[in-house]
There are 2 protein chains.
Amino acid sequence: MKHETFSGTQAAKVVAISYRQLDYWARTDLVRPSGTDATGSGSRREYTYRDLLELKVIKNLLDAGIKLESIRDVFAYMREHVDTDISSAHLVISGSSVVLCNGEELIDVLRHGQGVLNILPMSGVRDEIDRHIIELRPDLLSLQDKQEKPGFKAV
Amino acid sequence: MKHETFSGTQAAKVVAISYRQLDYWARTDLVRPSGTDATGSGSRREYTYRDLLELKVIKNLLDAGIKLESIRDVFAYMREHVDTDISSAHLVISGSSVVLCNGEELIDVLRHGQGVLNILPMSGVRDEIDRHIIELRPDLLSLQDKQEKPGFKAV
DNA sequence: GCTGGAAACTACGCGGGTGTAAGACGCTAC
DNA sequence: GTAGCGTCTTACACCCGCGTAGTTTCCAGC
C-alpha cells in the first residue's frame, strides 16, 4: 500500500483544529508528522493516518477541558508504555498514568479509582477520523484496508 | 449545631491549594464563601464545610488536568441542576453536561459515551476533607453529625 | 527560468491563571 | 489607644497557548 500522507492544512481540517494549533504542537514536540518533518520555510510536513488518530485524541481531550500540559504528559506516557490496537478499547487517564481498558477491567478501574478518571472511547475517534478523511479526499477509499495500525499499546 | 466555618487561609490549607488560588476563585465567582463574603480589606471570609467540599472537587479536577475554564462550566451547570447527597456517587462530566451516577448507570454512561468522560468518585473527596479538617482542628470532632448536606443534586 | 500559490517560519500581542510583594484594614490584648 | 497579627486587597510580572500578520521558501506549471 502506498503510504498515504496528509499535508499540514489537510490534517488540521480532518481533525478540526486550527493550523496554528497543529504548527504549535509540532514545534513543541507534542505531535510531529511521522511521514516527513518540516526542514525549513517552504518545506512540507507529511502526517500519516496514525498521526491523525493522535491529533484527534488530543482534540477530543482538549474539548473535554483537559489542559494541554496534561495531554503532553499523557502522550509521553503512552509513547513509552502503550502499543496495541485501540479501536475497541477505552483510554483511561488517572493522574499521570494511562491505561487502555475494555469491559470488566474498565469497571474495576472505576471502583478502585481515587482520583479523577478521564475516559475516552477510542472507537469513536477512529470513526470520526475516517468520516472526515472521506469527506476531504473521496479518492482514499483504499483506506478500507486495515494495514495501518493505530499507534498505541496496552499497558 | 453551631455553624462551624473556616477562614480563607484555613480553607486553603484543608483543601491544599494556595491562598492566591482561593482568593482568585472567590473574586471571579467560582466559589464564594457561603458563610460570610469579604467586605473590604481586613474583613474575613467564612467558608462552610459544604464550601470545602466544592473546593476539594475543584482541586481534584485541576490535579486531573481539567482546565479551570471547564470547571467553571461544570459548577455553573451543577448549581442549576444538581442537589443531592453525592458521597456515594460518581461525578461524571461529559462535555458541558454533568451527571451523578452509581453502579449500573455509570456503566451505561460509559458504553454510550461518545466524547471524553471525566469521572470523579465523590466518596474519596469527603473522606479527604474530613481527614484534613481533623488534622487542622481536632476540636471539631462534632463534625461527626451528618447535618451538613453536600451541595449537589442528581440530575 | 519565471511566476503564483501553498505551506512553513517569524514576530508580536493577548488573556487566563496564577506567584510575589507590599499595602490597608479590622480585631484582640494589653 | 495602640501594638500586633491575621486577612483581604492591590499592583506587578510571568508563562502558556494560541491568534494575527507579514515574510520566506519550495514546488508546479507554464
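Below, read A as the first sequence line, B as the second, and so on, with proteins coming before strands; counting in each chain starts at 1.
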ask   = Would T28(A) and R72(A) count as having a side-chain donor-acceptor pair, cut-off 3.5 Å?
value = yes
inquiry  = Is R45(B) close enough to dT9(D) that one of its side-chain N or O atoms is under 4.0 Å from OP1 or OP2 there?
reply    = yes
request  = Grab the CG-C1' distance between D29(B) and dG17(C) for me, whole Å please.
outcome  = 16 Å
message = One thing to verify: whether D51(B) and R32(B) come together as a salt bridge, which I'm taking to mean a side-chain N less than 4.0 angstrom from a carboxylate O.
response = no
note = In whole angstroms, the gap separating C1' of dC18(D) from CD1 of I58(A) amounts to 15 Å
remark   = Rounded to whole Å, CG of L62(A) lies from P of dC16(D) at a distance of 16 Å
key: Sorted by number, the residues of residues 17-26 of chain A with heavy-atom contact under 4.0 Å to DNA chain D   = S18(A), R20(A), Q21(A), Y24(A), W25(A)
key: For Q10(A), all residues meeting side chain to side chain contact (heavy atoms under 4.5 Å, CB included), sequence neighbours excluded   = F6(A), S7(A), L136(A), R137(A)
request  = Indicate whether OP1 or OP2 belonging to dC9(C) is found under 4.0 Å from a side-chain N or O atom of R44(A).
outcome  = no
message = With a cut-off of less than 4.0 Å, is there a side-chain N or O of R27(B) near OP1 or OP2 of dT18(C)?
response = no
query = Can you check the E69(B) CD to dC18(D) P distance for me, whole Å?
reply = 11 Å
key: Spatial distance of atom OG1 (T5(A)) from atom OH (Y49(A)) [nearest 0.5 Å]   = 15.0 Å
task = Please tell me which of R72(B) and G42(B) maps to the more 5' nucleotide of DNA chain C, matching each residue to the nucleotide holding its nearest heavy atom.
result = R72(B)
key: Distance in angstrom units between R32(A) CZ and dA8(C) P, rounded   = 12 Å
note = When the rotation axes relating C1' atoms of four end pairs to the next four are compared across the helix from dG1(C)-dC30(D) to dC30(C)-dG1(D), five pairs an end, they differ to 10° by 0°
task = For K13(A) and dA7(C), give me the distance from atom NZ to atom C1', rounded to whole Å.
result = 12 Å
ask   = Do you know which two heavy atoms are closest between P121(A) and G115(B), and how far apart they sit?
value = CD-O, 3.2 Å
remark   = Which of dA8(C), dC8(D), dG17(C) is nearest the side chain of S41(B)? It is dC8(D)
request  = Remember a base hit wins even if backbone is also touched, and classify T28(A) as base, sugar-phosphate or nothing at under 4.0 Å, heavy atoms.
outcome  = nothing
task = Indicate whether the side chain of T48(A) and that of S34(A) have a donor and an acceptor atom separated by less than 3.5 Å.
result = yes
Residues K67(B) and E69(A) bridged, charged N to O under 4.0 Å = no
task = Take atom CD of E46(B) and atom P of dG26(C), then tell me their distance rounded to the nearest Å.
result = 16 Å
query = Are OP1 or OP2 of dG26(C) and a side-chain N or O of S43(B) less than 4.0 angstrom apart?
reply = no
remark   = Heavy-atom closest pair (G8(A) atom, Y47(A) atom, distance to 0.1 Å) is CA-CE1, 3.9 Å
query = What pair of heavy atoms forms the shortest contact from L52(B) to I129(B), and how long is it?
reply = O-CD1, 3.6 Å
ask   = Is a salt bridge present between D127(B) and R131(B), judged by a nitrogen-to-oxygen distance below 4.0 Å?
value = no
request  = Using a cut-off of strictly less than 4.0 Å, decide whether S7(B) has a side-chain nitrogen or oxygen near OP1 or OP2 of dT7(D).
outcome  = yes
